[in-house]
2 protein chains.
Amino acid sequence: MRVRQLAEKLGVSADTVRYYTRIGLLAPTKSTANGYKFYNIREQSCLRFILSARDLGFSVEDITQIIAKADDGQSACPTVRRLIDKRLHETQQRYLDMLRLRKRMLAAVDSWDSKEDKAPTGNQICYLIEEFIEVEVGSETK
Amino acid sequence: MRVRQLAEKLGVSADTVRYYTRIGLLAPTKSTANGYKFYNIREQSCLRFILSARDLGFSVEDITQIIAKADDGQSACPTVRRLIDKRLHETQQRYLDMLRLRKRMLAAVDSWDSKEDKAPTGNQICYLIEEFIEVEVGSETK
DNA sequence: ATTGACCTGTGTGCAGCTCACAGGTTTAGA
DNA sequence: TCTAAACCTGTGAGCTGCACACAGGTCAAT
């Protein structure tokens, strides 16, 4: 199997497969004379694992560690449990960040609805933004 | 004012100020003989605007456009309204992505609680991940 | 033999900073 | 006056997780 074929089989881009190969997560045989890389069934299941882990929020670095453990013959489970804890906290945090940002953006759009456009002055670049923030800061709705 | 002083005044890192300067959002005077950059009150209020816009979800590229409009003497408001619409959609999407990821991660952690650690086999790298995904795919809780 | 369509690996780019580093500046002390 | 240490500076590179550009290789049809 060459890069394209493997990529399509698992529904990712060839560039993604190349990337995982480049950083050493996939180790295809150096192929024939033309330098093309050749992926076998072993690489395919490795890629499938990578994608599964990715969908669970593990970073590429995490996945590297997990695979390294397994390649070493040890159980990767403790590592997996430890890492997902960390990533879960981060995801929770980002989720909250997005929630708050979304709320703030909605509030801005809403308040701007009743305001007209204005030209910039020497002191202001865009009064919509500058005045909205001032109001926001005051009412700290944490 | 030099970079550090301005940074501390507005509560960001000196590196952040340097970054905005590097990409042309801030244009300090080239300073004295030693090459140090000098920020005046005008730059300070510009940085304050940048941070306000950033907190509303505008990208650095957005902010560049907004400031360019204002520098050109035109009202940046129409641009601002158009851009925040785009960013709001993206934020909404990312919020949903985080929500779904969080849910999946919680489900994984929960189901792994009652499972033991296992060593890798020739076919599996970490059965926790591989088996969880299989179950998940089946029950497509969209 | 030649054209054209498709494929390959490698190098670079992206956002939004953060860090490393070599050197300049300032200040305390002797 | 000299010096040594603490602090500050600008510039260059690095980070994540790919996507894109590009020069060249391959292969089927002419």
Looking only at side-chain N and O atoms, does B:Thr121 offer a donor or acceptor that is under 3.5 Å from a partner on B:Tyr127? no
Can you tell me how far P of D:dT16 sits from CZ of B:Arg94, to the nearest Å? 19 Å
With the side chain defined as heavy atoms from C-beta on, A:Asn34 is closest, among D:dT26, C:dC17, D:dG10, to D:dT26
Reckon A:Lys37 has a side-chain N or O less than 4.0 Å from the OP1 or OP2 of C:dT10? yes
Counting only heavy atoms and a strict 4.0 angstrom limit, can you tell me which residues of residues 1-23 of chain A come near DNA chain C? A:Arg2, A:Val3, A:Arg4, A:Arg18, A:Arg22
Could you tell me how the ring of A:Phe132 sits relative to the ring of A:Trp112: parallel (under 30°), tilted (30 to 60°) or perpendicular (over 60°)? perpendicular
I need the CZ-P distance between B:Phe38 and D:dT9, as an integer number of Å. 12 Å
Nucleotide D:dC18, atom P - distance to CG of A:Asp55 in whole Å: 10 Å
Between B:Asp55 and B:Ser52, is there a side-chain donor-acceptor contact under 3.5 Å, judged purely by atom types and distance? no
With side-chain contact (heavy atoms from CB on, under 4.5 Å) as the criterion, how do B:Leu128 and A:Arg81 come out once you've worked through the C-alpha distance, each side chain's angles and the decisive distance to 0.1 Å? CA-CA 9 Å; B:Leu128 291 178; A:Arg81 295 181 203 273; 4.0 Å; yes
Length of the line joining B:Leu26:CG and D:dG10:C1', which is rounded to integer Å: 15 Å
Could you give the CD-to-P distance, from B:Glu90 to C:dG16, as a whole number of Å? 10 Å
Under the side-chain contact (heavy atoms from CB on, under 4.5 Å) criterion, do A:Arg100 and A:Asp97 qualify, and how do the steps go? CA-CA 5 Å; A:Arg100 271 196 289 264; A:Asp97 288 347; 3.4 Å; yes
Bend angle of the helix from C:dA1-D:dT30 to C:dA30-D:dT1, end axes from five pairs each (to 10°): 40°
Within the 3.5 Å criterion, strictly below it, is a donor on B:Tyr39 or B:Thr29 matched to an acceptor on the partner's side chain? no
Hey, are A:Arg18 and A:Asp15 close enough for a salt bridge, meaning a charged N less than 4.0 Å from a carboxylate O? yes
Starting from P on C:dA15, measure out to CZ on B:Arg54 and report it in whole angstrom. 16 Å
Using every non-hydrogen atom in the two residues, find where A:Arg104 and B:Leu56 come nearest and quote the distance to one decimal. O-CD2, 4.1 Å
Starting from C1' on D:dG17, measure out to CZ on A:Phe58 and report it in whole angstrom. 17 Å
Residues A:Glu8, A:Arg4: salt bridge by 4.0 Å N-O rule: yes
Can you check the B:Glu61 CD to C:dC17 C1' distance for me, whole Å? 16 Å
